[in-house]
Colleague: 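Before we start, here is the structure in question, set down as structure tokens.
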Amino acid sequence: MPQTLSVIKAGVGGWVGHTAVHPDLLDVGREELAKAVQRGLLIDGQAWACGDDLFLIMSHDRGEGDTDVHRLAWDTFSLGTEAAKKLKLYGAGQDLLADAFSGSIQGMGPGSAEMQLVERTSEPVVVFMSDKTSSGAFNLPLYKTFADPFNTAGLVIAEALHQGFAFEVHDLKSQKKIVFNAPEELYDLLVYAGSPSHYAIKRVIARATGEVAAVSSTDRVAQIAGRHVGSDDPTAIIRCQNAFPSVGEAIEPFTTPHLVEGFGRGSHLGPWMPTSLRDAHAARFDGPPRVVALGFQLAQGKLIGPRDLFDDPSFDNARHKANDVTDFLRLHGPFEPHRLPMDEMEFSTMPGVSARMANRWSEI
Ligand code: 13P
Ligand code: MG
């Protein structure tokens with residue numbers, strides 16, 4: 001029986017400001033998932049936080065896009081919103097952009113990444129959670145893990161990976177998709193994947209078997225809301241070992257804290273800092289952007305874990321580099337490229353300010 005792993009996430013209240021999730025909201029998440037396991041909707045479920053976002057990691061056998069699983073996530077986020085309102089937390093219900101659930105969580109604000117799989121003899125998976133970044137942020141790490149032999153030795157030396165991977169890329173602005181086969185279409189892939197504000201890698205497929213190897217959330221909150229409500233703070237799932245990259249190859253890209261959008265009012269570039277769960281709170285200039293990697297072994301759908309994979313001194317250099325890059329970028333203040341380019345600011349609060357100047361501009 002194929003299983004499904006669904007990670008659905010939302011920011012429904014920050015403690016304090018946009019920095020972290022209050023323990024009461026995590027309790028709501030854990031209680032609602034435990035009840036769903038008890039009544040047989042889920043095989044297993046865990047709730048975790050990265051920055052001010054709540055991530056529901058759910059294992060079940062109902063397939064992707066299941067209405068009841070999506071409704072569970074929506075109802076849990078709604079209860080979390082109520083808890084946030086009681087404590088007057090910041091931005092209560094921020095990512096819930098509809099008045100009522102209407103069958104699928106997609107297009108309603110929360111982000112979702114789901115994959116169906118037939119559990120192998122041993123099924124290691126890594127769930128990535130992020131804060132203060134945008135959909136498309138996983139393009140670079142997914143590219144490195146599944147297409148760069150300097151990152152993933154298995155692409156060269158392991159027969160099962162040698163056929164390469166196919167990348168499903170979504171155009172976030174026109175809602176179109178395209179599939180590129182790596183390695184032969186690498187350069188074509190990079191034309192689009194290299195522009196993460198416009199294109200996001202949604203799925204990676206193992207060409208040898210047709211199995212899904214990775215999936216990420218590509219939901220754009222500002223586009224759905226038509227205004228800036230917060231950053232997307234995407235999630236991703238990667239299957240590891242055997243026909244897939246090793247766990248080490250899946251987390252190796254994060255040894256470089258590459259620049260992502262979503263820092264400071266969701267309007268700045270910042271380095272993506274890999275942190276432990278303990279350090280996954282975004283404070284300095286509401287950041288820097290964070291990413292947490294939770295490792296699980298699946299056992300008949302049970303989530304055995306997590307192992308907090310960035311809670312490791314081998315990521316200290318990446319964290320130091322992220323702090324150095326933050327110091328340097330912050331010196332730019334309101335100047336690009338720290339501040340996002342004008343056309344990326346269309347959903348920010350800036351158009352409201354610049355509108356006041358509109359009739360003061362004249363021909364040169
Ligand atoms: P969140 O979406 O993580 O709440 O971030 C909002 C923001 O722009 C903080 O500066
Ligand atoms: Mg957030």
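Values below: every heavy atom of this structure, side chains too, minus hydrogens, waters and symmetry copies. First listed ligand is number 1; within each ligand, the first listed atom is number 1.
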Colleague: Test: side chain to side chain donor-acceptor pair (under 3.5 Å). Region: residues 84-110. Which pairs qualify, not counting sequence neighbours?
Modeller: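 Applying side chain to side chain donor-acceptor pair (under 3.5 Å) to every pair that reaches into residues 84-110, excluding sequence neighbours, yields nothing.
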Colleague: Distance check, rounded to the nearest 0.5 Å: Leu329 atom CG versus Leu259 atom CG?
Modeller: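 So the CG of Leu329 and the CG of Leu259 are separated by 6.0 Å.
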Colleague: Anything under 30° is parallel, anything over 60° is perpendicular, the rest tilted; go ahead and classify His332 against Phe328.
Modeller: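 Geometry flag for Phe328 against His332: perpendicular rings.
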Colleague: Going by atom types only, do Ser314 and Asp312 share a side-chain donor-acceptor pair under 3.5 Å?
Modeller: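 A donor-acceptor contact under 3.5 Å links the two side chains.
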Colleague: Looking at Arg290 and Asp52, is any side-chain nitrogen of the basic one under 4.0 Å from a carboxylate oxygen of the acidic one?
Modeller: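 The answer is no: the pair does not qualify as a salt bridge.
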Colleague: Suppose I only count heavy atoms of Arg265 and a 4.0 Å limit; which atoms of ligand 1 are within that range?
Modeller: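 Every atom of ligand 1 under 4.0 Å from some heavy atom of Arg265: 7 (C), 8 (O), 9 (C), 10 (O).
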Colleague: For atom 9 (C) of ligand 1, grab the closest protein heavy atom and report residue, atom and distance to one decimal in Å.
Modeller: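 The closest heavy atom on the protein side is Asp286 OD2, 3.2 Å.
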Colleague: In terms of atom number and element, which parts of ligand 1 are under 4.0 angstrom from non-hydrogen atoms of His228?
Modeller: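 In order of numbering, the contacting atoms are 8 (O).
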Colleague: Could you establish whether Gly264 and ligand 1 come within less than 4.0 Å of each other, counting only heavy atoms on the residue side?
Modeller: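 It does, in that a heavy atom of Gly264 comes within the 4.0 Å cut-off of ligand 1.
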Colleague: Determine yes or no for a side-chain-to-main-chain donor-acceptor pair under 3.5 angstrom, with Asp232 supplying the side chain and Pro234 the backbone.
Modeller: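 No; judged by distance alone, with no hydrogens or angles, the pair does not exist.
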Colleague: Could you tell me whether Arg207 and Glu185 have a side-chain N and a carboxylate O separated by less than 4.0 Å?
Modeller: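 Judged by the 4.0 Å cut-off on N to carboxylate O distance, Arg207 and Glu185 do not form a salt bridge.
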Colleague: Relative to each other, are the rings of Phe146 and Phe167 parallel, tilted or perpendicular (30° and 60° limits)?
Modeller: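 Ring orientation, 0 to 90° scale: perpendicular.
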Colleague: Distance to 0.1 Å, residue and atom name: give those for the protein heavy atom nearest to atom 3 (O) of ligand 1.
Modeller: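 Answer for atom 3 (O) of ligand 1: Lys132 NZ, 2.6 Å.
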Colleague: Going by the order shown, which atoms of ligand 1 are within less than 4.0 Å of some heavy atom of Asp131?
Modeller: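 In order of numbering, the contacting atoms are 3 (O).
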Colleague: Can you name the N/O/S atom of Asp233 that is nearest the Mg ion (ligand 2)?
Modeller: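 Checking each N, O and S atom of Asp233, the shortest distance to the Mg ion (ligand 2) belongs to OD2.
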Colleague: Provide, to 0.1 Å, the distance between atom 2 (O) of ligand 1 and the closest protein heavy atom, together with that atom's residue and name.
Modeller: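 It is Ser231 N, 2.7 Å.
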Colleague: For Asp131, what is the atom name of its N, O or S atom nearest to the Mg ion (ligand 2)?
Modeller: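 Of the nitrogen, oxygen and sulfur atoms in Asp131, the Mg ion (ligand 2) lies nearest to OD1.
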Colleague: Does Gly230, backbone or side chain, put an N or O under 3.5 Å from an N or O of ligand 1?
Modeller: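 No - when backbone and side-chain N and O of Gly230 are compared with those of ligand 1, no distance drops under 3.5 Å.
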Colleague: For the metal site, I want the angle between atom OD1 of Asp53 and atom OD1 of Asp52 with the Mg ion (ligand 2) at the apex, to 10°.
Modeller: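 Between OD1 of Asp53 and OD1 of Asp52, at the Mg ion (ligand 2), the angle is about 80°.
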Colleague: Would you mind running through ligand 1 and noting each atom that sits below 4.0 Å from a heavy atom of Gln94?
Modeller: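 Reading through ligand 1 atom by atom, the close ones are 1 (P), 2 (O), 4 (O).
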Colleague: Is any NZ, NE, NH1 or NH2 atom of the basic residue among Glu344 and Lys173 found under 4.0 Å from an Asp or Glu carboxylate oxygen of the other?
Modeller: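 Between Lys173 and Glu344 there is a salt bridge, with a charged N closer than 4.0 Å to a carboxylate O.
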Colleague: Heavy atoms only, cut-off 4.0 Å: how does Asp233 contact ligand 1, side chain, backbone, both, or neither?
Modeller: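 Answer for Asp233: side chain.
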Colleague: Output the list of atoms in ligand 1 that are nearer than 4.0 Å to some heavy atom of Asp52, sorted by atom number.
Modeller: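 So the atoms of ligand 1 that pass are 1 (P), 3 (O), 4 (O).
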